[in-house]
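In what follows, chains are A, B, ... by sequence order, proteins preceding strands, each numbered from 1. Predicted model only: the values in this text are computed from it and were never measured.
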There are 2 protein chains.
Amino acid sequence: MKSAGKSNPEKRNATSEDVAQLAGVSQATVSRVFAGGANVSEKKRKKILDAAAELEYKPNAQARSLITRKTMMVGIIMRNIKDPFYSAVLEIFHTRLAPLGYQLIFNNSENEIIEEWEIAKLLEFNVEGIIVTDALLSEGATRKLKRSGIVSILFNRHAEGLNCSAVYCDNYLAAQQIATYLVEMGHRTFAFISGPRNTSTTVDRLKGFQEVLRERNIKELTIIPGTYTYESGFKSAQELLTRNKKIDCIFCGSDIIALGVMDAARLVGFRIPEDVSVVGFDNIRMLGWTPYPLTTWEQPLEEMVTSTVELLLKEINDKNAAPRIIAMKGRLVIRNTVRKKK
Amino acid sequence: MKSAGKSNPEKRNATSEDVAQLAGVSQATVSRVFAGGANVSEKKRKKILDAAAELEYKPNAQARSLITRKTMMVGIIMRNIKDPFYSAVLEIFHTRLAPLGYQLIFNNSENEIIEEWEIAKLLEFNVEGIIVTDALLSEGATRKLKRSGIVSILFNRHAEGLNCSAVYCDNYLAAQQIATYLVEMGHRTFAFISGPRNTSTTVDRLKGFQEVLRERNIKELTIIPGTYTYESGFKSAQELLTRNKKIDCIFCGSDIIALGVMDAARLVGFRIPEDVSVVGFDNIRMLGWTPYPLTTWEQPLEEMVTSTVELLLKEINDKNAAPRIIAMKGRLVIRNTVRKKK
DNA sequence: CCGAATTTTGAATACGTATTCAAAATAGAT
DNA sequence: ATCTATTTTGAATACGTATTCAAAATTCGG
């Protein structure tokens, strides 16, 4: 005896052909109702919709995309999804793309540079675009994408020669403003606990920060590159503070790094901000939590995602559009980890 | 003048037909090479692979799925992606599914119960299965999925009548063991700051916890339902501790809740664990951070995801398989937020 | 070297839709 | 009622692949 119940596992989903038959029209007309909604008489439209409802018909996305050459799918490749900043990014991307009918194919990567093999599957699935967060695309990957007519956009990174659009927070400007603020608060000796060296993020921030220091003729800047993790921040701060006690202020490459820095500092006996000031970057939600009233730079998250999606759509609709690089501003959020020094 | 550069936007991707022509064979043979790898002579295979490489040919997933009736796509609907526990879950799902050739379509939802309209798009795209984390499927949605032959699996939830597979941590057992541990540590008055009431998660834990208390003839248990957020935990603890100072221990529905609880408690002047003990649930990575040395229940994350994927594949390959509900154990992780009371 | 068994191959077809083109139906003007 | 302009319709086709079926090529045993 077969398994009971009404569900018949052999039954195929209803097709537009089935609907057409039930409604007494041609398949073409059914298609018109579900595609453009082009000219079709009210009478038949109603019949078709009724038939479709009865059969629980829904258009087949694969068949449709075969003919329209639009898959309505976008790939997203993320590093660091465990960082709350990027969890939020993902959520917002979905919130923006879903109403437009786009599906989001999620991919994880550990790599600083996304290579061809990592996008191969997305190519087979003919995504219309690829969003890459916190990482770069290799030259090979970029070339392949371009040749396949697939739009790609870097989120929170940019690269000069790469011929690839990007949306990011203007780290140069941000670092300048942060540095200015810190100097005006009376700080003179600095450390920068950053993310990986040679990424645009780190380079730009360093440049902006150093520029201000140079103008003010301040020389004390220790640079410690690492990764964007709590552990990295913790370790770096521990080393820094035990070997050199004369740091006024630590500028961190991300909030998560800053949390590690704060915990390490406190563990070594430093009070924040009395003994050492700390500044973060991102303004993640956690900073509302009491142990971490971190002064930080807020990235305009929502706007960055909005711009990215706009750019994406624009390039999808005009494959000849030249790549654009959009820098967004952000703002300093002052909480309680920077002291006023006399 | 048109935009310069070699990329020709009108160029279509190479098809198996193109490859066939270049290699001097039939389209069918090309297909055989890329599909099953079925019988095809070494000589021709080589020719075909060379031609394919030259044309940068890759099979078209949509066309393929049309004929094979396998889309190699799985949908995942997540609540609470901002909770680090679930960020980790997502990452692991991708890590498990990618090597199997499955693409993961990410969806976000705020809802406790996923309704039909939220899965409609996934149905159009013919995903082979849907994973739902931390939420339930409505009856309508479940019925629709079943009728469309789409597998669905609840992750970290379960429901009796729903005829839907589930993988979750055995909350009943966990709560029992936690309660036993707490009682043996000398605690007598308890609060349970939980997630939403009426979810299996909360119900099971409450049942297990209460059972132990009943056995030991302990009556003091205050129950405060909320959501799985820091803010909810913070607020609940604040209320609880200002109105009733005689709580030995607070059992929290998730680690994130517990972090809010701890911060609130400290703010009100309670030391942890000297004045009040706190226990969490999940064992998120953040617990390695110094301010939060939380004793908690570790969910066997990796194993849970592994089981979910196994179940998924099994049901995809045998649509008649009866739904299974798998409860996994986990273990108590003792850190430093529960005191030994005399 | 021959016949049988086996492997390899290509022509044809199906998957489910959108679109083109010409025919049919309708509306509109007189 | 007649003729024209417009709207609505269906037959046919294309999208790019996997698979079936029968024919062609190869291998094998003696």
Sugar-phosphate only, base, or nothing, as touched by A28(B) at under 4.0 Å among non-hydrogen atoms: base

Between C1' of dT9(D) and CD1 of I48(A), the distance in whole Å: 10 Å

base_contact_polar (dA11(D) base, Q27(A) side chain, donor-acceptor, <3.5 Å): no

Minimum-distance nucleotide (side-chain atoms of T29(A) versus dT17(C), dG10(D), dA18(C)): dG10(D)

Interatomic distance, R64(B) CZ vs dG16(C) P [rounded to whole Å]: 18 Å

Between R79(B) and T133(B): side-chain donor-acceptor atoms closer than 3.5 Å: no

Within the 6.0 Å centroid threshold, strictly below: F93(B) and F106(A): no

Selection from dT20(D), dC15(D), dA18(C) that lies nearest to any side-chain heavy atom of R32(B): dT20(D)

L66(B) vs E42(B), nearer the 5' end of DNA chain C by closest nucleotide: E42(B)

Phosphate OP1/OP2 of dG10(D): any K44(A) side-chain N/O under 4.0 Å: yes

Sugar-phosphate only, base, or nothing, as touched by S41(B) at under 4.0 Å among non-hydrogen atoms: sugar-phosphate

Touch class at under 4.0 angstrom, heavy-atom based, for V30(A) against every strand present: nothing

Under 4.0 angstrom between R69(B) side-chain N/O and dG16(C) OP1 or OP2: yes

CD (Q27(A)) with more than 12 external heavy atoms under 6.0 Å: yes

Exceeds 12 heavy-atom contacts within 6.0 angstrom, atom NZ of K70(B): yes

Heavy atoms from other residues, nucleotides or ligands near CD of E303(B) exceed 12 (cutoff 6.0 Å): yes

Sugar-phosphate, base or nothing in reach of K70(B), heavy atoms under 4.0 Å: nothing

Sugar-phosphate only, base, or nothing, as touched by T15(B) at under 4.0 Å among non-hydrogen atoms: sugar-phosphate

S16(B) side chain near dT17(D) phosphate (N/O to OP1/OP2, under 4.0 Å): yes

Presence of S26(A) side-chain N/O under 4.0 Å of dG10(D) phosphate oxygens OP1/OP2: yes

Gap between atoms CG and P, on D18(B) and dG16(D) respectively (whole Å): 8 Å

Spacing between E17(B) atom CD and dA11(C) atom C1', to the nearest angstrom: 11 Å

Interatomic distance where CG belongs to N60(B) and P belongs to dA14(D) [whole Å]: 18 Å

Pair of N/O donor and acceptor under 3.5 Å linking dG16(D) base with R12(B) side chain: no

Donor on one side chain, acceptor on other, S165(A) and E315(A), under 3.5 Å: yes

Residue-phosphate contact under 4.0 Å: R45(A) side-chain N/O, dT8(D) OP1/OP2: no

Whole angstrom value for the distance that separates P of dC15(C) from CD of Q62(A): 15 Å

Between dT9(D) (C1') and K43(A) (NZ): distance, integer Å: 13 Å

Nearest-angstrom distance from the residue atom CZ of F34(A) to P of dT19(C): 15 Å

DNA chain C: 5'-proximal contact among I67(B) and N39(B) (nearest heavy atom): N39(B)

